[in-house]
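See structure below.
The residues of the chain are indexed from 1 along the displayed sequence.
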Amino acid sequence: MCGLVGVVTGKDVGLCLYDTLTVLQHRGQDAAGIMTSDHGKLNLRKDNGLVKDVFRNRHMRRLTGQMGIAHVRYPTAGSSSSALAQPLYVNSPYGLALAHNGNLTNNRELSRNLFRDDLRHINTDSDSEVLLNVFAHELQRRGKMSPTPEDVFAAITKVHMRCRGAYAVIVMIAGYGIVGFRDPHGIRPLVFGSRVRDGRHEYMIASESVALDSQGFDIERDVAPGEAIYMDFAGNLHNKVCVEPGIHTPCIFEHVYFARPDSLMDEISVYKARLRMGEKLADKLTRLRPKHDIDVVIPIPETSRPSALELANRLGVKFREGFVKNRYIGRTFIMPGQVQRKKSVRQKLNVIDLEFRGKNVLLVDDSIVRGTTSKQIIQMARDAGARKVYFASAAPPIRFPNVYGIDMPAASELIAAGRNIDEVQEAIGADWLIYQDLEDLVDACREGNKNITRFECSVFDGNYITSDVDEIYLRRLEHNRNDAAKQSRRKVAHLQDQTLVADLYNSE
């Protein structure tokens, strides 16, 4: 999962992009990058790390220009190489820079075709680089000295014809404008807005509406599935549906975990959706255990807080904050390796003993992925003196990997894969475990926008919206995503970094 933003204004955009990335930091903590276009001259800064660490004053002074794009990344393929930090760039045609959120499911086929048929070299295993080169090739085939909006839209139509999977994309065409587009199913989110400053229309396109809110842009609407929005350098807006859209199928895990609660996605309030998840979970709990003995409901910070609050209200049980979060530790389920995840949980959370001692506690989390975090937190509650520890997940059991841009681990590392609920309960050490029903989760989200009839729920039900995800694809994905494979890639990247440092030292 990644965060994207593109801005076209009448003044320097560097600080605006930086501030927006800080708002989108939750979508990626592995790397960050900004590229600006100053009358056709491109300026770039990107590196591994958090936004505040990647950009210093000396970098910001160089990021001049009236339009630019930016990206925060977490690695969907498990690699943390700084070479994969975005935006990515190709010089022909015009000078193109791309920021991408999602995952192409036919990446290997596209890579072969780009080399064999399009005579383009792909330097990494990043599907974002592949997508950029497909767009560049199709735009170059138009053969224009200066691209028109129709040229841009025609190239995007070809991208849709060649690429499969999930993608929200922002491309900057140096000196001309910025275009954003979304896959035909609208799996990954993208929204745009505008403002008027000094008599000029200015535009922003981003992964979440909160990015626009933070910079004073009025939200126009979400980019429709298969649609492209082109904001040219002169401040004009163009749009076109470049491919016949499929069934609008946004990713439901955005509402469960990834998105900020103050965002709107496809006209659905993330906060309200999470409140409704808590209501429906409370109703299920009441049906299963009408005479429950829960003394207190405690959220596991912090995505689950709205669900836990509404669950407690519905049950008529006390809601208490029992964990204090260290906000300088990253999101644990996307951290590489079990050892690092186990260590980080204790660093990330500390208990308030008084809220646990002698009580029957219901802990509420947004979901259970590997179970590592859940098991440790339950033990922390017991160590703090809880008499009984119950556990509630605002999402159903996660039994399948994600192939559309979330680095959900290999199926063998998902605690609910191949286990029933009682077995998961025993594995994490809970006295009782309750999961949200998938139908209730869908209803909780869909209530915000009745026009959406289906969500991308493959991590729960194994149904993939694109037709090219089969058993062979999933086995290959498992091989690439398991912790052993990630550890091997990190060792290679570390050796490469050491070699680079040595080369620089010797050259001096």
Side-chain angles (χ1 to χ4, degrees), residues 1-9 13-30 32-34 50-52 54-55 68-74 86 99-102 168-170 178 180 182 186-195 197 202-224 229 231 250-277 301-307 309 325 327 330-331 334 366 394 405-406 444-445 448-449 452 455:
M1 189 64 61
C2 301
L4 328 173
V5 59
V7 181
V8 178
T9 74
V13 297
L15 184 59
C16 175
L17 290 169
Y18 173 88
D19 289 341
T20 307
L21 283 189
T22 63
V23 173
L24 295 176
Q25 183 73 87
H26 62 286
R27 299 189 67 84
Q29 299 159 17
D30 181 68
I34 293 175
L50 300 176
V51 173
K52 66 181 180 63
V54 170
F55 301 100
I69 64 174
H71 186 268
V72 286
R73 175 181 184 269
Y74 97 85
Q86 297 184 30
H100 167 221
N101 176 29
V169 180
I170 300 176
I178 291 175
R182 202 172 175 192
I187 298 173
R188 299 267 67 88
L190 200 62
V191 61
F192 77 97
S194 65
R195 69 185 182 191
R197 192 169 63 173
E202 301 179 336
Y203 299 99
M204 176 182 285
I205 188 164
S207 294
E208 294 189 31
S209 63
V210 68
L212 283 68
D213 294 336
S214 71
Q215 299 303 308
F217 284 83
D218 296 323
I219 298 168
E220 298 286 345
R221 58 180 174 83
D222 295 275
V223 178
I229 303 290
M231 309 170 290
C251 175
I252 204 165
F253 212 71
E254 291 277 0
H255 295 280
V256 171
Y257 176 78
F258 265 106
R260 276 181 46 147
D262 45 346
S263 281
L264 289 170
M265 287 191 162
D266 296 301
E267 302 178 26
I268 300 170
S269 164
V270 176
Y271 179 72
K272 291 288 189 181
R274 289 175 184 169
L275 288 177
R276 291 190 290 268
M277 291 176 205
E302 46 192 82
T303 317
S304 64
R305 189 172 282 119
S307 298
L309 177 61
K325 181 179 179 181
R327 299 179 186 276
R331 305 181 98 170
I334 62 176
D366 52 76
I406 303 175
C445 297
N449 184 352
I452 297 177
F455 286 89

Distance (rounded to the nearest 0.5 Å) between H100 NE2 and I170 CD1: 11.5 Å
Rounded distance [0.5 Å steps], NE2 in H255 versus OG in S263: 10.0 Å
Any side-chain heavy-atom pair of E254 and P189 under 4.5 Å: yes
D19 CG to L24 CG distance, which is reported to the nearest 0.5 Å: 11.5 Å
Gap between atom CG of L190 and atom CG of D266 - 0.5 Å precision: 10.0 Å
D262: partners by side-chain hydrogen bond (donor to acceptor under 3.5 Å, both in side chains), with sequence neighbours left out: R260
Any donor-acceptor N/O pair, R274 side chain to A394 backbone, under 3.5 Å: no
Closest non-hydrogen atom pair, L21 against F55: CD1-CE1, 4.1 Å
Shortest non-hydrogen separation from A99 to H71 and the atoms involved: CB-CD2, 3.8 Å
Expected output: side-chain S207 to main-chain L4 donor-acceptor under 3.5 Å: yes
Approximate separation, where rounding is to 0.5 Å, of E208 CD and I219 CD1: 11.0 Å
Listed partners of E267 passing salt bridge (Lys or Arg N to Asp or Glu O under 4.0 Å), at least two apart: none
C251 vs I406 side-chain heavy atoms within contact, under 4.5 Å: yes
Exam field: side chain R182 to backbone V223, donor-acceptor pair closer than 3.5 Å: yes
F258 and Y74 aromatic ring geometry - parallel, tilted or perpendicular at 30°/60° bounds: parallel
Interatomic distance, C445 atom SG to M277 atom CE [nearest 0.5 angstrom]: 4.0 Å
Q25 side chain to V51 backbone, donor-acceptor under 3.5 Å: yes
Side-chain donor/acceptor of N101 to backbone N/O of C2, under 3.5 Å: yes
